[in-house]
Amino acid sequence: MVPDAAFLDPRFTVSVPPHITADTGMDVLTHALEAYVSTNAGDFTDACAEKAVRLVWSYLARTVEEGSDMEARTHMHNASCLAGVAFNGASLGLCHSMAHALGARFHIPHGRSNAILLHHVISYNAGLEEAGDFAACSRYVAIANMLGIAAGTEKATVHGLVRHIKNLMSKIKIPQQITDLNVDKDEFEQAVREMAEKALKDNCTLTNPRVPTVEEIETIYRKLCKGGY
Ligand SMILES: [Zn+2]
């Protein structure tokens, strides 16, 4: 699947509807952030991931709001390729593993599955709800600082990053709860264990910065329900 050469022509994507632009744009952000905190990350994949995140930050909402804005669309097209180069070298992480299982079980598009999971996986990787130090925390802080987000402590800064991601999602009209995607809460609960087991075995989990247990993955899935428990 890796091409020798790629022609990046954003004109091919002008007629893509806003919700697909939003979903695929959040997938780009997920690719870049997961490559950045991957255990396989290096200087070259970091460079591509950092630029991709900057471009998504500046141009995703604009591209969704005005699909024919060719300047914004061109930058998003390039961001998508740069994030692809980053994860081709560094691989991905738990968000993609969980999105693969979630999307397959409930027929949710790939980008949207990643979008609704992304900030929960960031919180988990950085240990935002736990005491102690987590290796990925400082990596998210580096990305947050690059975007002008800073607070008194490392974890507060990552909280800020999470808040900005949630704001971006509401701006581009991506729901944050599984029940907003026409998924029945009971049916979801019944599927949680099986999805978590699949996600644990997914290749993307191998390069996640924090090694999860199946119970931890279940807990993250349950955060997608209204009043997540
Ligand atoms: Zn993806």
Side-chain angles (χ1 to χ4, degrees), residues 1-3 6 8 10 12-13 16-41 45-46 48-57 59-61 63-64 73 75-125 136 139-140 143 161-162 165-166 168-169 172-176 178 181 195-196 198-210 212 217 220-221 224:
M1 295 287 285
V2 180
L8 301 179
F12 289 121
T13 68
V16 168
H19 69 281
I20 295 179
T21 303
D23 289 350
T24 50
M26 285 301 292
D27 192 32
V28 173
L29 181 63
T30 312
H31 292 157
L33 288 176
E34 293 216 289
Y36 194 76
V37 301
S38 160
T39 54
N40 264 353
T45 59
D46 281 359
C48 293
E50 284 169 1
K51 184 64 183 180
V53 171
R54 278 183 197 276
L55 291 174
V56 170
W57 223 245
Y59 296 105
L60 176 56
T63 313
V64 174
R73 204 168 261 292
H75 284 303
M76 276 308 301
H77 213 59
N78 292 341
S80 177
C81 185
L82 283 163
V85 173
F87 87 71
N88 188 50
S91 192
L92 293 163
L94 183 60
C95 188
H96 265 78
S97 301
M98 293 182 67
H100 291 153
L102 175 69
R105 176 65 182 75
F106 290 102
H107 307 292
I108 300 167
H110 175 76
R112 183 152 296 202
S113 302
N114 273 301
I116 62 169
L117 284 160
L118 178 61
H119 67 85
H120 295 296
V121 173
I122 292 174
S123 298
Y124 167 74
N125 282 342
R139 297 289 285 163
Y140 291 121
I143 282 284
L161 177 66
V162 163
I165 291 172
K166 285 159 104 172
L168 174 62
M169 285 172 74
I172 60 176
K173 300 186 174 62
I174 294 185
Q176 296 187 20
I178 197 78
L181 298 176
M195 290 191 298
K198 279 191 180 151
L200 189 64
K201 287 189 206 131
D202 192 295
N203 271 348
C204 295
T205 304
L206 297 172
T207 43
N208 195 64
R210 185 172 170 186
I217 300 175
I220 302 172
Y221 273 129
L224 298 180

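All values below come from the heavy atoms of this structure, side chains included, with hydrogens, waters and symmetry mates left out. None of the values given here were measured: they were computed from a predicted structure. Read the numbers this way: they start at 1 and go in the same order the structure lists the ligands and their atoms.
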- Only one of L94, L117, I217 passes side chain to side chain contact (heavy atoms under 4.5 Å, CB included) with Y124; say which it is. L94
- Find, among atoms of D27 that are N, O or S, the one nearest to the Zn ion (ligand 1), and state its name. OD1
- Task: Check whether any side-chain N or O of S38 sits under 3.5 Å from a backbone N or O of E34 as a donor-acceptor pair, and report yes or no.
- Result: no
- Task: Tell me which N, O or S atom of H96 sits nearest to the Zn ion (ligand 1).
- Result: NE2
- Query: Looking at H31, which of its N, O or S atoms is the nearest one to the Zn ion (ligand 1)?
  - Reply: NE2
- What residues form a side-chain contact (heavy atoms from CB on, under 4.5 Å) with R139, not counting sequence neighbours? Y36, V37, A41, D46
- Query: Using a distance-only test with no angle check, is there a side-chain donor-acceptor pair under 3.5 angstrom linking H110 and D27?
  - Reply: yes
